[in-house]
Peer 1: 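Below you will find the structure I want to go over with you.
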Amino acid sequence: MSERLLALPALMNDRESAMIYLAALAFPKARGEFELFCESVRLCATNPTRKLDKKYVSSINRATKAIYELRVPAAMVANMVEMRVVRAISAGTAIQIDTALDTVQKAIKHYAPRAPKYRHHRDFRRHVWDTSTAVLHLALGFGHHALNGEPLPLLPLIANPHWVEAAVRNAKFHGGMLAKSIDGLELVTLCNEDNLTADMFAQLPDVRYRRSGKWGDLTD
């Protein structure tokens with residue numbers, strides 16, 4: 001962390017948490033994109049009046065599109081799958097629910113025509129669902145606490161990070177639910193040991209960020 005960032009108010013610790021959450025949500029398997037997004041946000045924080053270079057603006061735009069065109073729609077499908085399992089368990093008929101794959105396919109076919117992009121179910125599966133499975137819990141946590149039905153710009157969400165603690169707690173809950181609802185998920189965890197809110201991230205499911213086929217920490 002740079003000296004300039006350390007010199008900012010203590011609230012920046014919460015802003016760092018929001019930045020890391022959104023970076024992981026947008027780029028769960030692209031470490032270079034993850035780091036470029038964080039660099040772009042920090043440049044905005046250290047000098048708000050500075051005009052960013054095109055590559056930093058593009059990074060923030062890519063993150064925004066990834067979250068609202070891919071992750072949030074995937075979360076809508078994941079929520080449908082979760083609710084089917086919850087209803088089956090509540091009714092005492094858990095053994096009668098469909099297989100996880102069949103349930104996901106049905107949920108995708110039901111939701112895809114209303115998606116903001118990739119509205120054919122095969123395209124949705126390939127571009128939205130398959131690229132988002134590692135962060136479904138983060139997408140569900142974000143959707144419940146930051147969206148309120150509207151796609152919000154990312155920088156204001158980072159500048160006003162009141163949503164992060166509730167989002168992380170909700171992501172923890174959904175991580176457990178998703179593990180029961182969908183077979184074979186490998187969910188990323190967030191870790192930022194220099195952050196005052198690191199204890200919140202520690203509550204997320206204990207699995208790791210994958211880089212080049214290997215598992216490592218987000219703070220490598």
Peer 1: What distance separates K172 NZ from H137 NE2, expressed to the nearest 0.5 Å?
Peer 2: 12.5 Å

Peer 1: Which residues pass the ring-ring contact (aromatic ring centres under 6.0 Å, His included) test with Y56, sequence neighbours left out?
Peer 2: none

Peer 1: Quick one: list whatever passes side-chain contact (heavy atoms from CB on, under 4.5 Å) with A74, sequence neighbours left out.
Peer 2: V128, W129, S132, L136

Peer 1: Name all pairs fulfilling the salt bridge (charged side-chain N to carboxylate O under 4.0 Å, His left out) condition that reach into residues 127-138, sequence neighbours left out, sorted by first residue then second.
Peer 2: R125-D130

Peer 1: To the nearest 0.5 Å, what is the distance between CG on L178 and OG1 on T133?
Peer 2: 10.0 Å

Peer 1: Please round to the nearest 0.5 Å and tell me the distance separating atom CZ of R122 and atom NZ of K109.
Peer 2: 7.5 Å

Peer 1: Have a look at M19 and tell me which of V164, L155, L157, I158 forms a side-chain contact (heavy atoms from CB on, under 4.5 Å) with it.
Peer 2: I158

Peer 1: Mind checking ring-ring contact (aromatic ring centres under 6.0 Å, His included) for F124 and listing every partner two or more places apart, or none if nothing turns up?
Peer 2: Y111

Peer 1: Could you tell me which residues satisfy ring-ring contact (aromatic ring centres under 6.0 Å, His included) with H121, sequence neighbours excluded, listed by chain and number?
Peer 2: none

Peer 1: If the plane angle is over 60° it's perpendicular, under 30° parallel, otherwise tilted; pick one for F142 and Y68.
Peer 2: tilted

Peer 1: Would T131 and R126 count as having a side-chain donor-acceptor pair, cut-off 3.5 Å?
Peer 2: no

Peer 1: Throw together a table of side-chain donor-acceptor distances under 3.5 angstrom for residues 58-65, partners on residues two or more places apart or in other chains.
Peer 2:
residue: S58; atom: OG; partner: K54; partner atom: O; Å: 2.9
residue: S59; atom: OG; partner: F37; partner atom: N; Å: 3.3
residue: N61; atom: ND2; partner: V57; partner atom: O; Å: 3.4
residue: R62; atom: NE; partner: E33; partner atom: OE1; Å: 3.3
residue: R62; atom: NE; partner: E33; partner atom: OE2; Å: 2.9
residue: R62; atom: NH2; partner: E33; partner atom: OE1; Å: 3.0
residue: T64; atom: OG1; partner: I60; partner atom: O; Å: 2.9

Peer 1: Can you tell me if R71 uses its side chain to pair, donor with acceptor, with the backbone of L25 under 3.5 Å?
Peer 2: yes

Peer 1: Given side chains that start at C-beta, do those of V41 and L154 come closer than 4.5 Å, heavy atoms only?
Peer 2: no

Peer 1: Taking all heavy atoms of P113 and all of I108, pick out the closest pair and write down the distance.
Peer 2: CD-O, 4.5 Å

Peer 1: Can you give me the closest heavy-atom contact between A24 and F34, atom names plus distance?
Peer 2: N-CE1, 3.6 Å

Peer 1: Hey, could you give me the OG/CG distance between S40 and D53, rounded to the nearest 0.5 Å?
Peer 2: 9.5 Å

Peer 1: Nearest 0.5 angstrom please: K55 NZ to L36 CG, how far?
Peer 2: 6.5 Å

Peer 1: Can you find a heavy atom in the side chain of R119 that is under 4.5 Å from one in the side chain of R114?
Peer 2: no

Peer 1: Do I182 and E82 make a side-chain contact, defined as non-hydrogen atoms from C-beta onward lying under 4.5 Å apart?
Peer 2: no

Peer 1: Which value, rounded to the nearest 0.5 Å, describes the distance between I67 atom CD1 and L138 atom CG?
Peer 2: 10.0 Å

Peer 1: Can you confirm whether H110 is buried at NE2, in the sense that more than 12 heavy atoms of other residues, nucleotides or ligands lie under 6.0 Å from that atom?
Peer 2: no

Peer 1: Less than 4.5 Å apart, side chain to side chain, heavy atoms only: is that true for S17 and P161?
Peer 2: no

